[in-house]
Trainee: 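Next up is a structure, given as structure tokens.
Since the model is a prediction, treat every value here as computed from it, not as a measurement.
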Protein chains: 2
Amino acid sequence: MQRDTRQRRAIREVVMVQASPLTPLEILTEAQKLVARLGLATVYRNLRMLLDEGFLREVLIPGDSPRYEQAGKGHHHHFFCFRCGKVFEIAGCRPEVNTLVPAGYIQEFHELTFYGSCAGCALEVAEESGNAGTR
Amino acid sequence: MQRDTRQRRAIREVVMVQASPLTPLEILTEAQKLVARLGLATVYRNLRMLLDEGFLREVLIPGDSPRYEQAGKGHHHHFFCFRCGKVFEIAGCRPEVNTLVPAGYIQEFHELTFYGSCAGCALEVAEESGNAGTR
DNA sequence: ATCGTTGCAAAGTCTTTGCACTTCA
DNA sequence: TGAAGTGCAAAGACTTTGCAACGAT
């Protein structure tokens, strides 16, 4: 039988509070604020369990560590910001995407990831170049 | 000045011949047929150089090792087959994809990866279940 | 002959595993 | 209490780096 430990509770807590998916290390750092002596192996073990039991969803950003978010948010994708390194949720999808797969293939799901500057970082970039240009 | 070594030539050769992107280990195995004593470190070093010089493009399949394909093939995506583990090229894209990114974000590029059974494996699956049903 | 490159082995990073101890039920 | 869970350290997979020897120019 599965037990409800302080560690597991802390990890669940941390993931639920966050808007964007977290890496195992980010989860460790956050959860250690709740359970000081928490170890990284415990985080990995619990991520696997919470994944299996369907509480978490794995978000794989090509070229970066896996991240974890609360499951059941509906189909959506992510935006990875090069400037701040954060991942943002992009709501929705477009049905046209599925027309790309040729006949004969059986598509089960897809992952779509955008890369660039998030709104906040884009503003900074604009200010910097804007100031340089006007003054 | 950069040199034209047997090793580098072999790696370039291997990538050019392949239709789908290869992992570093696959490249090592193939290239060792051309240069027997080739080492994995040399493969990694050359992948980096060929990437920098623009000969290669890195294909990142979320949840799998990075793969490398010849650059300059135009915008396209990939299909990862769960059954055989191979990666297939999916031609083209849909402009609607870009409408998903909210105003304020600056999108530089995107990656779209499909998962499921490739045409060959889908056939096998169909045969198996077909036979089971009719006989 | 020079100096970029190589092969090997050692070092890193990230993740998983083994094990004695702890703790929830 | 007793089995699931934990922390720590050791082991694994994959990738990078240090270094002496090699070989393209």
Trainee: I'd like to know if Arg67(A) pairs up with Glu58(A) as an ion pair, taking the criterion as any Lys NZ or Arg NE/NH1/NH2 lying under 4.0 Å from an Asp or Glu carboxylate oxygen.
Mentor: no
Trainee: Got a list of protein N/O to nucleotides 3-5 of chain D N/O distances below 3.5 Å?
Mentor:
{"from": "dA3(D)", "atom 1": "N3", "to": "Arg3(A)", "atom 2": "NH1", "distance (Å)": "3.4"}
{"from": "dA3(D)", "atom 1": "N3", "to": "Arg3(A)", "atom 2": "NH2", "distance (Å)": "2.6"}
{"from": "dA4(D)", "atom 1": "O3'", "to": "Met1(A)", "atom 2": "O", "distance (Å)": "3.3"}
{"from": "dA4(D)", "atom 1": "N3", "to": "Arg3(A)", "atom 2": "NH1", "distance (Å)": "2.9"}
{"from": "dG5(D)", "atom 1": "OP1", "to": "Arg3(A)", "atom 2": "N", "distance (Å)": "3.0"}
{"from": "dG5(D)", "atom 1": "OP1", "to": "Arg8(A)", "atom 2": "NH2", "distance (Å)": "2.4"}

Trainee: Send over the distance from Glu58(A) CD to dC14(C) P, rounded to a whole Å.
Mentor: 16 Å
Trainee: Looking at CD1 of Ile106(A) and SG of Cys81(B), how far apart are the two atoms once the value is rounded to the nearest 0.5 Å?
Mentor: 9.5 Å
Trainee: To the nearest 0.5 Å, tell me how far Arg3(B) CZ sits from Arg8(B) CZ.
Mentor: 10.0 Å
Trainee: Could you give the CZ-to-P distance, from Arg12(B) to dT5(C), as a whole number of Å?
Mentor: 11 Å
Trainee: Taking DNA chain D as the partner, which of residues 25-36 of chain A come within under 4.0 angstrom of it by heavy atom?
Mentor: none
Trainee: Round to a whole Å and report the spacing from CZ of Arg6(A) to P of dA25(C).
Mentor: 13 Å
Trainee: Please report, rounded to the nearest Å, how far the P atom of dC14(C) is from the CG atom of Leu60(A).
Mentor: 16 Å
Trainee: Which whole-number value in Å describes the distance from Asp52(B) CG to dT5(C) P?
Mentor: 12 Å
Trainee: Please give, in whole Å, the distance from dC22(D) P to Leu38(B) CG?
Mentor: 17 Å
Trainee: Let me know, please, whether Gly39(A) or Leu40(B) comes out on the 5' side of the other along DNA chain D by nearest nucleotide.
Mentor: Gly39(A)
Trainee: Which whole-number value in Å describes the distance from Tyr68(B) OH to dC14(D) C1'?
Mentor: 11 Å
Trainee: Check the angle between the aromatic planes of Phe79(B) and Tyr105(A) and answer parallel, tilted or perpendicular using the 30° and 60° thresholds.
Mentor: perpendicular
Trainee: Do His110(A) and His77(A) have a side chain donor and acceptor closer than 3.5 Å?
Mentor: yes
Trainee: Enter the distance from Ile11(B):CD1 to Asn46(B):CG here, rounded to the nearest 0.5 Å.
Mentor: 4.0 Å
Trainee: Could you check His78(A) against Glu89(A) for side-chain contact (heavy atoms from CB on, under 4.5 Å), going step by step and ending with a plain yes or no?
Mentor: CA-CA 5 Å; His78(A) 294 91; Glu89(A) 221 172 272; 4.2 Å; yes
Trainee: Atom OH in Tyr115(A), atom CZ in Phe82(A): separation rounded to 0.5 Å?
Mentor: 7.0 Å
Trainee: Nearest 0.5 Å, please: how far is CG in Asn98(A) from CZ in Arg94(A)?
Mentor: 12.0 Å
Trainee: What is the distance from CZ of Arg9(B) to C1' of dA24(D), rounded to the nearest Å?
Mentor: 10 Å
Trainee: Is a donor-acceptor contact shorter than 3.5 angstrom present between the side chain of Arg45(A) and the base of dG18(C)?
Mentor: yes
